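The next block holds one structure in the form of structure tokens; read it before the comments.
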Amino acid sequence: GAVVSQHPSRVICKSGTSVKIECRSLDFQATTMFWYRQFPKKSLMLMATSNEGSKATYEQGVEKDKFLINHASLTLSTLTVTSAHPEDSSFYICSARDFHGYTFGSGTRLTVV
Amino acid sequence: DAKTTQPTSMDCAEGRAANLPCNHSTISGNEYVYWYRQIHSQGPQYIIHGLKNNETNEMASLIITEDRKSSTLILPHATLRDTAVYYCIVRITSGTYKYIFGTGTRLKVLA
């Protein structure tokens, strides 16, 4: 079946630094990918829609300058958390459309110290 | 996309069938019902989807009521590894539409 690879699975960074998370569709092309954020024991919250070759569409309340999204190819979207702060610590998940719906990456646990 | 409501949590004995309900009373005629589950600290995993007919695959069965306002996901013989949060989502399949996740049902399979 379709596979979405997300990297890294865990990252710890210092406050003020930036962190890049990669999301790759391994055996299919994805013109659109989605980025979610999840807090402990909460549901997934959609952050933005990543479109290949164009600007991402952000959900209301999500700072686009804080969460930079780049979708430069049909198989890769990246999320960069800029000037990270402890409140940005969370579980970030990407997804991409495949033949039966959407396939999700395994998630990235970001801890900002 | 239509909203869905699910019970917050459920318990099920190992080996027994787990029946997870979902209400989607505002579903449109061209919207499918999708089920995903999320095991702790992993991304959601696709389980099954359907439009109006009942569906079965190697993981589960999906029963959709005739009026399509509700559905039930059935795990026929639950195991401890089925402990997860189960999400019911409704959406059309043409084009690219974003999934909006509800709160889901936290299923705990008990030994």
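Quick note on labels: first sequence line is chain A, next is B, and so on, each numbered from 1. Bear in mind the structure is a predicted one, so any value in this text is a computation, not a measurement.
Side-chain heavy atoms closer than 4.5 Å link hydrophobic residues (I, L, V, M, F, W, Y) into clusters, and following such links, possibly through other members, connects V109(B) to I47(B). Neither L20(B) nor I63(B) shares a network with the other; the hydrophobic side chains, linked directly or stepwise wherever heavy atoms of I, L, V, M, F, W or Y lie under 4.5 Å apart, form separate groups for each. A continuous path of ILVMFWY side-chain contacts below 4.5 Å connects Y34(B) to I100(B), so both sit in one hydrophobic cluster. Both L73(B) and M10(B) belong to a single network of hydrophobic side chains, linked directly or stepwise wherever heavy atoms of I, L, V, M, F, W or Y lie under 4.5 Å apart. V113(A) and L110(A) sit in two unconnected hydrophobic clusters of ILVMFWY residues. Membership requires side-chain heavy atoms under 4.5 Å apart, directly or through other members.
With values rounded to the nearest 0.5 angstrom, I89(B) atom CD1 is found 8.5 Å from L44(A) atom CG. Within the model, atoms OH of Y46(B) and OG of S95(A) stand 15.0 Å from one another, a figure rounded to the nearest 0.5 Å. With rounding to the nearest 0.5 angstrom, the NE2 atom of H40(B) is 8.0 Å from the NZ atom of K41(A). The CD atom of Q38(B) lies 8.0 Å from the OG atom of S43(A); values are rounded to the nearest 0.5 Å.
Q38(A) touches chain B through its side chain: at least one heavy atom from C-beta onward sits under 4.5 Å away, while N, CA, C and O do not. With a threshold of 4.5 angstrom between heavy atoms, I93(A) approaches chain B through side-chain atoms but not through N, CA, C or O. For chain B, the nearby part of K42(A) is the backbone; its heavy atoms alone come within less than 4.5 Å.
Heavy-atom minimum distance, F104(A) versus P44(B): CB-O, 3.4 Å.
Ring-centre distance between Y36(A) and F101(B): below the 6.0 Å cut-off. Between Y102(A) and Y99(B), the ring centre distance stays below 6.0 Å.
For the options G107(A), G105(A), S106(A), heavy-atom pairs under 4.5 Å to chain B are most numerous at S106(A).
Side-chain contact between T103(A) and Q45(B) is absent, with no heavy-atom pair separated by less than 4.5 Å.
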